[in-house]
2 protein chains.
Amino acid sequence: MQLPEAKSKFIEAWGKLGSEWGINRTMAQVHALLMVSPEALTTEEIMEELKISRGNANMTLRDLISWGLVEKQHKAGERKEYFFADKDTWNIARQVAKERRKRELDPIIKILDELSKVEGDKKDEAFKTFNKSVNDINKLAKNVDKTLETMLKAEENWFWGSIFKMFK
Amino acid sequence: MQLPEAKSKFIEAWGKLGSEWGINRTMAQVHALLMVSPEALTTEEIMEELKISRGNANMTLRDLISWGLVEKQHKAGERKEYFFADKDTWNIARQVAKERRKRELDPIIKILDELSKVEGDKKDEAFKTFNKSVNDINKLAKNVDKTLETMLKAEENWFWGSIFKMFK
DNA sequence: ATAAACTTTCAAATTATTTTGAAAGTTAGA
DNA sequence: TCTAACTTTCAAAATAATTTGAAAGTTTAT
């Protein structure tokens, strides 16, 4: 297999994985492309390589920037914007964990907290089951939340810091 | 807030969370409904409660069974099938991790292994970057895979076993 | 063997998500 | 200021995912 073929396989696979995990396929593909590009790319180049429209490229890049996975670069004497992806997988994982925590975990914990407070007849099986399930999920979610928080400040923490070295 | 309202909020929230993580909204909702139901439910009851069609209910229940989250039950002297969800959050988490590992992580590792083998000009920046990114992701994926494997047999392992007790 | 009770299938309809592309907006330099 | 280079927006179009519902299939009891 040659590089160009390998590259498109990688982009395709990353796009598929993303879409299976609720991340827009194109966003994952643009990210994949930038991850294997030594140089920052222009919108034009990305449109060209992935055969996507200008609007799509623009929106996707903005999203990637808001996820903290891509940054804009400017080259001296050029008007064009260049886009560059951090290639440190650990940073990427941390960044994704951080964003998903903020966007999805935190909101559901808020709801679960509310639902934990619902009062009812302690003899009623329906109420008992509801209560137990909601409370258990809430506990699990809070534990995941705490674990992520610890993870995200790994550098400051000897314990997780040493666990993470195992993953590098 | 009363139980019926709380129940629908829970079902709605679980459905939303599912869809954000690539799990069909209806599937997550049916799962949520069964999680708060002390008794096993029939297809009819599920259709009724969630206002979904028979076909949808049937397919969704089959999916949930294939995910290992729901099981069929039969009541003596009845033709109807009843559906019941495991309510132990830790089992649910394990089960989901197990399935997603099999369905999504394993396939991507297979692709990454192939792409790791691609040969090329070691002076070429494009090749070097491709190689490094693919290899790094591959390593991370393999570590996640190993960690999940260990997690999934937690009971047999003193280290993770004791970590997990913190989550129970 | 037949009928009633129940489950499964899947093509077509619906709904949700993503993508396009042309127009509007912005910026930098002459 | 004006214009060319570049970026952003967003309504409409295209695509993808989900859902429906009626027909076909299956099972059980008589």
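Just so it is clear, the structure is predicted and the values come from calculations on it, not from any experiment. As a basis for the values below, the full set of heavy atoms in this structure was taken, side chains included, without hydrogen atoms, waters or symmetry mates. Each chain gets a letter, A, B and so on, in the order the sequences are listed, and its residues count up from 1.
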Quick tally for nucleotides 17-23 of chain C: nucleotides whose base has a protein heavy atom under 4.0 Å get B, sugar-phosphate-only ones S, the rest -, giving -SSBB--
Separation of C:dC6 atom P from B:His74 atom NE2, nearest Å, is 12 Å
Here the distance between atom P of D:dT27 and atom CD of B:Glu81, to the nearest Å, is 11 Å
Side-chain donor-acceptor pair under 3.5 Å between B:Asp113 and B:Asn138, yes or no? yes
Between CD of A:Glu78 and P of D:dC6 the distance, given in whole Å, is 8 Å
- prompt: For the hydrophobic clusters of this structure (ILVMFWY residues joined by side-chain heavy atoms under 4.5 Å, transitively), does one cluster hold both A:Phe10 and B:Leu105?
  reply: yes
Indicate yes or no for a side-chain donor-acceptor contact from B:Asn135 to the backbone of B:Asn131 under 3.5 Å, with no hydrogens or angles considered. yes
Taken to the nearest whole Å, NZ/A:Lys16 to P/D:dA17 is 11 Å
From CE of B:Met47 across to P of C:dT7 the rounded distance in Å is 10 Å
Here the distance between atom C1' of C:dC6 and atom CG of B:Leu61, to the nearest Å, is 14 Å
Above 12 or not: heavy atoms from other molecules or residues under 6.0 Å from CD of A:Gln2? no
Under the 3.5 angstrom rule, does the side chain of B:Thr129 hit a backbone N or O of B:Ala126 as a donor-acceptor pair? no
Checklist entry - A:Trp21 vs B:Trp21 aromatic rings, parallel, tilted or perpendicular, using cut-offs 30° and 60°? => result perpendicular
Worksheet item: Would A:Arg54 and A:Met47 count as a side chain to side chain contact (heavy atoms under 4.5 Å, CB included) if you check the C-alpha gap in whole Å, the side-chain angles of each, and the deciding distance to 0.1 Å?
Response: CA-CA 6 Å; A:Arg54 185 175 302 286; A:Met47 287 165 59; 3.8 Å; yes
Distances for protein N or O near nucleotides 25-30 of chain C N or O, under 3.5 Å:
residue	atom	partner	partner atom	Å
C:dT27	O2	A:Arg79	NH2	2.9

Here the gap from B:Leu41 atom CG to B:Ile46 atom CD1, rounded to the nearest 0.5 Å, amounts to 5.0 Å
Atom CG of B:Leu41 and atom P of C:dT7 are separated, to the nearest Å, by 13 Å
NE2 of B:His31 to OG1 of B:Thr60, rounded to nearest 0.5 Å, is 13.0 Å
A:Asp63 CG to D:dT9 P, in whole Å, measures 11 Å
